[in-house]
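First comes the structure, then the notes that go with it.
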Amino acid sequence: MRDAFVRALLEEMEADSRIMLVTGDLGFGVLKPMWERFPDRIIDAGIAEQGMVSMAAGLAATGRIVFVYSIGNFPTLRPLEQIRNDCAYPGANVKIVCVGGGFVYGSLGMSHHATEDIAALRALPGVTCFTPGDPAEAEAVTHRAVRTEGTCYLRLGRGNEPKIHPGPVEGWEMPAPLTLRKGTDTALLSAGGILTQAVEAAKLLEEKGISAEVVSFPCVKPMDEGAVRKLTERFRHIVTVEEHNIIGGFGSAVCEIAAETGNGCRIHRIGLQDCYTSVVGNQQYLREIYGMDAKAIAEKTEAWLNEA
Amino acid sequence: MDNYEALVHSAFGGQKPDTSDPEVLAWLIRRNGLEMSHISHGSHIGSVFSAAEIIAVLYTGVLNVDPSDPKKPDRDRMILSKGHAGSAVYAALAETGFFPVEQLKTHYGNGSILSGHVSHKGIPGVEVSTGSLGHGLGIGTGMALGAKMDGAAWRTWVVLGDGECDEGSVWEAALQAAQFGLDRLCAIVDYNHMQSLFRVEETLRLEPFEQKWKDFGWNAESVDGHDVVALRAACDRAKANAGSGKPSVILAHTVKGKGVSFMENDILWHYRTPQGEEYEAALKELEAHRP
């Protein structure tokens with residue numbers, strides 16, 4: 001996703017001289033093509049995220065579209081108030097980019113696990129939140145963010161993720177979810193890089209004779225309420241999957257809509273069960289430990305379907 | 001109240017006050033600050049009084065701004081980072097023609113656009129909303145950097161509080177502005193030596209304050225923050241620093257509550273609003289010293 005983002009942004013920078021990027025002293029190697037192509041439109045703000053985000057707001061006030069780049073919680077939780085007061089409140093054209101949503105920086109430890117960012121950013125009025133599930137979606141949301149007025153949040157995964165969409169996501173209209181697989185028994189709704197696990201889980205369920213639809217949500221704010229409502233009409237059970245705390249994140253956003261439909265669809269949230277990670281391990285290992293790998297998703301889904 | 005403007009201008013005996021005179025504008029900031037705090041029961045009058053000359057000097061010829069065209073592209077940008085002194089800026093803007101003086105009486109009120117901490121929404125002449133401390137210098141750094149990238153001549157001015165300089169984000173911006181050589185950025189610190197509970201020296205010491213800024217790569221000087229001539233000269237020197245490759249800071253030594261003897265250097269007046277006899281006494285003192 002990281003490289004898809006850089007590629008897409010470079011294309012946009014070629015076409016629109018207002019676009020620039022401010023990094024919080026991160027992106028070694030990754031941002032190299034940008035430094036080489038547009039040395040005057042990329043700035044290292046240093047390890048000073050509060051100043052970086054306020055600065056981005058000031059730059060945006062001079063007519064620019066400013067991408068702010070960092071990893072984990074550094075561009076979100078650390079300068080949250082700067083995003084709220086300086087960017088979102090005046091509607092500044094600042095696009096906060098986080099590389100490493102969820103457990104991407106697995107073995108680096110909990111400081112580097114971004115597992116409350118969706119909840120925090122989603123609560124800020126006026127902030128559009130993108131949670132692409134694979135490189136093709138990352139590319140699509142990057143193009144979309146450039147064209148979305150005001151403050152945006154792009155929660156990316158890491159580099160070299162598997163492609164799930166066979167090709168580019170053509171003609172995607174924000175905030176529509178993208179259906180990767182049709183199903184009749186249940187739906188697995190996914191936000192972010194955990195999409196690989198949802199897709200694999202659907203295959204495991206198929207072996208058990210359970211037909212699971214897989215739907216990716218590259219945009220969780222605004223949510224496509226109509227699409228969620230339709231899903232709640234079609235299925236008795238819906239499972240949400242996110243590499244994020246189950247409180248306040250994607251699953252919560254689905255629940256908020258589903259609860260208002262009153263049609264009795266049950267929502268089951270898979271994600272971090274309101275705890276901090278304290279186990280050492282890589283991203284996939286942590287998904288297994290915290291019950292959100294494909295196998296755990298499939299087993300939990302099967303059990304929920306058998307409950308009623 | 002039917003005629004707020006007539007009331008706050010009554011000391012001028014029917015004459016229109018000359019708001020191009022910094023001493024007159026500083027007096028009007030205090031007069032309005034007193035009235036607004038009295039009407040609204042709003043706090044922070046001590047900070048409004050300490051910043052009065054700083055704001056007055058900026059709006060009497062230092063800032064390139066035009067009340068008839070508040071969004072003109074080449075205007076100077078002014079950010080009140082110590083947003084709690086908002087009524088000082090509201091008063092200066094109204095008195096210099098950005099919006100009607102009469103509107104000031106709605107400050108803090110239900111349905112008003114004039115919030116306690118300065119807001120840009122719907123108020124001509126205010127660039128950004130502040131209130132949470134430590135944001136303004138960072139925003140100003142971004143504006144000045146944008147101007148530099150555009151090769152534009154306009155300047156960015158940021159008024160900081162001294163207590164505000166406890167915030168780490170101020171020093172992040174101080175490093176960044178120096179690194180990027182933003183010599184059209186000028187900060188003015190309202191150095192009134194008082195915070196929310198205690199004196200600055202009893203809270204987090206800032207001294208050697210001027211040296212700190214110099215060590216961060218800034219042009220820095222200290223002036224009497226109630227001497228409009230000295231302040232103006234310092235602002236002019238800051239302007240002349242364009243080309244030095246360094247941002248500039250003016251440490252304006254001030255007195256919290258300046259202008260009303262019983263408010264001066266008393267932390268109580270960070271919060272208290274003048275009512276009854278206190279209001280009458282404050283008004284009498286101000287009127288006795290009208291320029």
Side-chain angles (χ1 to χ4, degrees), chain A residues 13 16-25 38-68 70 74-75 77-96 124-126 150-151, chain B residues 71 73-75 77-79 81 83 115 117-123 126-152 154-158 167-182 184-185 216-217 247:
Chain A
M13 289 174 85
D16 188 341
S17 62
R18 294 174 303 162
I19 303 170
M20 62 175 294
L21 182 137
V22 181
T23 171
D25 204 37
F38 298 108
D40 299 333
R41 285 158 65 190
I42 177 164
I43 291 202
D44 187 351
I47 307 163
E49 292 82 8
Q50 297 181 76
M52 169 171 69
V53 172
S54 292
M55 185 199 299
L59 283 162
T62 64
R64 292 171 165 79
I65 301 172
V66 188
F67 281 75
V68 170
S70 187
F74 310 152
L77 302 194
R78 183 71 179 254
L80 187 59
E81 194 188 64
Q82 280 77 10
I83 299 173
R84 177 183 184 268
N85 295 10
D86 304 349
C87 301
Y89 182 58
N93 249 329
V94 173
K95 320 297 173 186
I96 306 287
L124 300 182
T151 305
Chain B
K71 286 279 179 196
D74 67 341
R75 71 190 183 280
R77 271 62 165 181
M78 207 297 275
I79 299 170
S81 194
S115 54
H117 292 84
V118 77
S119 168
H120 75 285
K121 297 235 166 169
I123 304 160
V126 179
E127 299 287 344
V128 297
S129 302
T130 54
S132 175
L133 297 171
H135 289 240
L137 193 59
I139 300 171
T141 295
M143 288 178 171
L145 180 55
K148 185 179 178 183
M149 291 167 78
D150 290 337
W154 53 265
R155 290 179 166 78
T156 305
W157 300 81
V158 180
E167 295 278 6
S169 53
V170 169
W171 300 101
E172 292 185 4
L175 287 172
Q176 289 162 334
Q179 180 71 31
F180 303 136
L182 304 180
R184 289 176 184 275
L185 172 67
F216 272 70

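Naming: A, B, ... by sequence-line order, numbering from 1 per chain.
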Donor-acceptor contacts, no H, no angles, side chain residues 142-152 of chain B, under 3.5 Å, sequence neighbours left out:
from: Lys148(B); atom 1: NZ; to: Phe180(B); atom 2: O; distance (Å): 2.8
from: Asp150(B); atom 1: OD1; to: Arg64(A); atom 2: NH2; distance (Å): 2.6
from: Asp150(B); atom 1: OD2; to: Arg64(A); atom 2: NH1; distance (Å): 3.3

Pull out the residues in residues 77-85 of chain A that come under 4.5 Å of chain B, heavy atom to heavy atom, sorted by number.
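Interface residues of residues 77-85 of chain A: Glu81(A), Gln82(A), Asn85(A).
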Among residues two or more places apart or on two chains, list those pairs meeting side chain to side chain donor-acceptor pair (under 3.5 Å) that have a residue in residues 168-181 of chain B.
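Listed by first then second residue: nothing to list.
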So which residue, Pro73(B), Ala173(B), Ala174(B), Ser132(B), ends up with the most heavy-atom pairs under 4.5 Å with chain A?
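The residue among Pro73(B), Ala173(B), Ala174(B), Ser132(B) with the greatest pair count is Ser132(B).
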Portion of Ala45(A) that has a non-hydrogen atom of chain B nearer than 4.5 angstrom:
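Contact with chain B: backbone and side chain both.
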Only counting residues at least two apart or in another chain, list the ones meeting ring-ring contact (aromatic ring centres under 6.0 Å, His included) with Trp154(B).
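Listed in chain order: nothing, the list is empty.
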Between Asp86(A), Thr62(A), Ile43(A), which shows the greatest number of heavy-atom pairs under 4.5 Å with chain B?
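Greatest number of close heavy-atom pairs with chain B: Asp86(A).
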Can you establish whether the number of heavy atoms outside Arg18(A) located under 6.0 Å from its atom CZ is more than 12?
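Atom CZ in Arg18(A) is not crowded, with 12 or fewer foreign heavy atoms closer than 6.0 Å.
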Tell me, for His120(B) versus chain A, whether the close heavy atoms (under 4.5 Å) come from the side chain, the backbone, both or neither.
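Only the side chain of His120(B) comes within 4.5 Å of chain A.
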